[in-house]
Amino acid sequence: YMLGGTEVSNGSISVYGKDWELVSRSADTSNFGEDNAVSAEEAAGLPFETEPVFKQVQVFQDLFAGGPGYGNTNTETTYFDSDGSIVGYAREWNDTQYGSSSISYENAQNEWLGSEYRDSHSVERMSVSYEEVDGETYRTETGSRSNIEQDGSETIQGQWEYTYDEDWNFVSGSETR
């Protein structure tokens, strides 16, 4: 039985309430240097509601796709605002054996915001947005699938947009192929 507490690990601060309920996560950004700065260009390409100022990157080698010896790189990046509060996460993996990669974004509450998967032949992008209307929250998923041509350009093969209510009932949608 837990009443609450604080955990500090690698500069990250987690505050827990009763029964291990996560109340907040933040970081002491006072020791962050240039390597932790988020450029304006990088921030503009991120799907977070609050613009991040700092980042902390963890690199994992050979843990997921392919196993030891394949040279795969996997990273988890945590993004912070100027106060050290977490604004979101990016998880990326690169499979050097097959030339594929993926990046997925989550907000501070670990809710999926979008992703991109890419290999030498195709790319698929997906994102989600939330809208509140008359007290109900609606989730809209959008995406596209493209072929990658020999010159590196992309030819769209399909696009979609689907909307669900908060109970995951389908509300509307469209798909173009």
Side-chain angles (χ1 to χ4, degrees), residues 10-12 25 27 29 32-81 85-131 137-164 168 170-177:
N10 295 327
S12 294
R25 277 195 188 128
T29 59
F32 282 5
E34 266 185 46
D35 291 345
N36 299 101
V38 176
S39 70
E41 182 180 341
E42 180 182 3
L46 296 170
F48 309 123
E49 288 183 23
T50 304
E51 186 172 309
V53 177
F54 301 109
K55 64 184 174 186
Q56 187 175 35
V57 180
Q58 291 181 291
V59 178
F60 306 95
Q61 290 284 342
D62 297 320
L63 293 180
F64 303 109
Y70 286 98
N72 300 317
T73 302
N74 304 280
T75 61
E76 181 173 306
T77 304
T78 305
Y79 292 93
F80 304 91
D81 66 12
S85 296
I86 293 174
V87 298
Y89 305 93
R91 292 177 178 85
E92 184 172 9
W93 62 262
N94 293 290
D95 184 335
T96 56
Q97 182 180 14
Y98 295 103
S100 59
S101 65
S102 176
I103 187 163
S104 181
Y105 298 98
E106 296 176 358
N107 64 17
Q109 293 75 38
N110 294 107
E111 296 169 321
W112 180 77
L113 298 175
S115 62
E116 178 180 289
Y117 171 82
R118 178 180 294 271
D119 61 26
S120 59
H121 306 288
S122 64
V123 61
E124 183 170 292
R125 295 179 180 95
M126 296 180 287
S127 64
V128 66
S129 62
Y130 299 90
E131 180 181 20
T137 302
Y138 293 90
R139 172 188 171 110
T140 301
E141 298 178 3
T142 58
S144 66
R145 186 176 306 106
S146 301
N147 286 342
I148 298 177
E149 306 301 335
Q150 288 185 342
D151 65 1
S153 65
E154 297 177 15
T155 304
I156 294 177
Q157 298 299 307
Q159 295 176 302
W160 59 90
E161 179 175 298
Y162 304 119
T163 301
Y164 303 88
W168 284 94
F170 181 77
V171 175
S172 66
S174 64
E175 184 171 336
T176 305
R177 292 181 182 220

Are Val53 and Val38 close enough, and set up right, to give a side chain to side chain contact (heavy atoms under 4.5 Å, CB included), and what steps lead you there? CA-CA 5 Å; Val53 177; Val38 176; 5.9 Å; no
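- Across every non-hydrogen atom of Ser144 and Gln159, the tightest pair is CB-CG, 4.0 Å.
- Of all heavy-atom pairs spanning Tyr89 and Arg25, the tightest one is OH-NH1, 3.2 Å.
- Contact detail for Asp119 and Ser100: the closest heavy-atom pair is CB-CB, 3.9 Å.
- Note on ring orientation: taking the six-membered ring where Trp is involved, the planes of Tyr117 and Trp93 are tilted (angle from 30° to 60°).
- Listed by chain and number, the residues in a salt bridge (Lys or Arg N to Asp or Glu O under 4.0 Å) with Glu175 are Arg177 (sequence neighbours excluded).
- Counting heavy-atom neighbours within 6.0 Å of Asp35 CG, excluding the residue itself, gives a total of 12 or less.
- Residues satisfying the salt bridge (Lys or Arg N to Asp or Glu O under 4.0 Å) criterion with Glu124, sequence neighbours excluded, are Arg145.
- Here the closest non-hydrogen pair linking Gly88 and Phe48 is CA-CE2, 3.4 Å.
- Scanning for side-chain hydrogen bond (donor to acceptor under 3.5 Å, both in side chains) contacts around Thr142 gives Ser127, with sequence neighbours left out.
- Side chain to side chain, Arg139 and Tyr164 fail the donor-acceptor criterion of an N or O pair below 3.5 Å.
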Step-by-step side chain to side chain contact (heavy atoms under 4.5 Å, CB included) determination, His121 to Glu149: CA-CA 7 Å; His121 306 288; Glu149 306 301 335; over 6 Å; no
Candidate pair Val123 and Glu116, rule side chain to side chain contact (heavy atoms under 4.5 Å, CB included), full reasoning: CA-CA 7 Å; Val123 61; Glu116 178 180 289; 3.8 Å; yes
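- To the nearest 0.5 Å, atom OG of residue Ser122 and atom CD of residue Gln157 are 9.5 Å apart.
- To the nearest 0.5 angstrom, Ser115 atom OG is 12.0 Å from Glu92 atom CD.
- One finds the CD atom of Gln150 at 12.0 Å from the CD1 atom of Ile148 (value rounded to the nearest 0.5 Å).
- Contact record, Tyr162 with Ser174: CE2-O, 4.0 Å, taken as the closest heavy-atom pair.
- Two residues are said to be in side-chain contact when any heavy atoms from C-beta on lie closer than 4.5 Å; Val128 and Trp112 meet this criterion.
- Nearest approach of Lys55 to Ala37, heavy atoms of both residues: CE-O, 3.8 Å.
- Here the CD atom belonging to Glu161 is positioned 6.0 Å from the OG1 atom belonging to Thr140, to the nearest 0.5 angstrom.
- Separation of atoms CZ (Phe80) and CZ (Phe32) is listed at 4.5 Å; rounding is to 0.5 Å.
- Within a 6.0 Å radius of CD in Glu41, other residues, nucleotides and ligands contribute 12 heavy atoms or fewer.
- Side-chain N/O atoms of Ser146 and Thr155 include no donor and acceptor closer than 3.5 Å.
- Outside the 6.0 Å centre-distance limit, the rings of Phe54 and Tyr79 are not counted as a close aromatic pair.
- In this structure, the separation between OG on Ser102 and CG on Asp95 is 11.0 Å, given to the nearest 0.5 Å.
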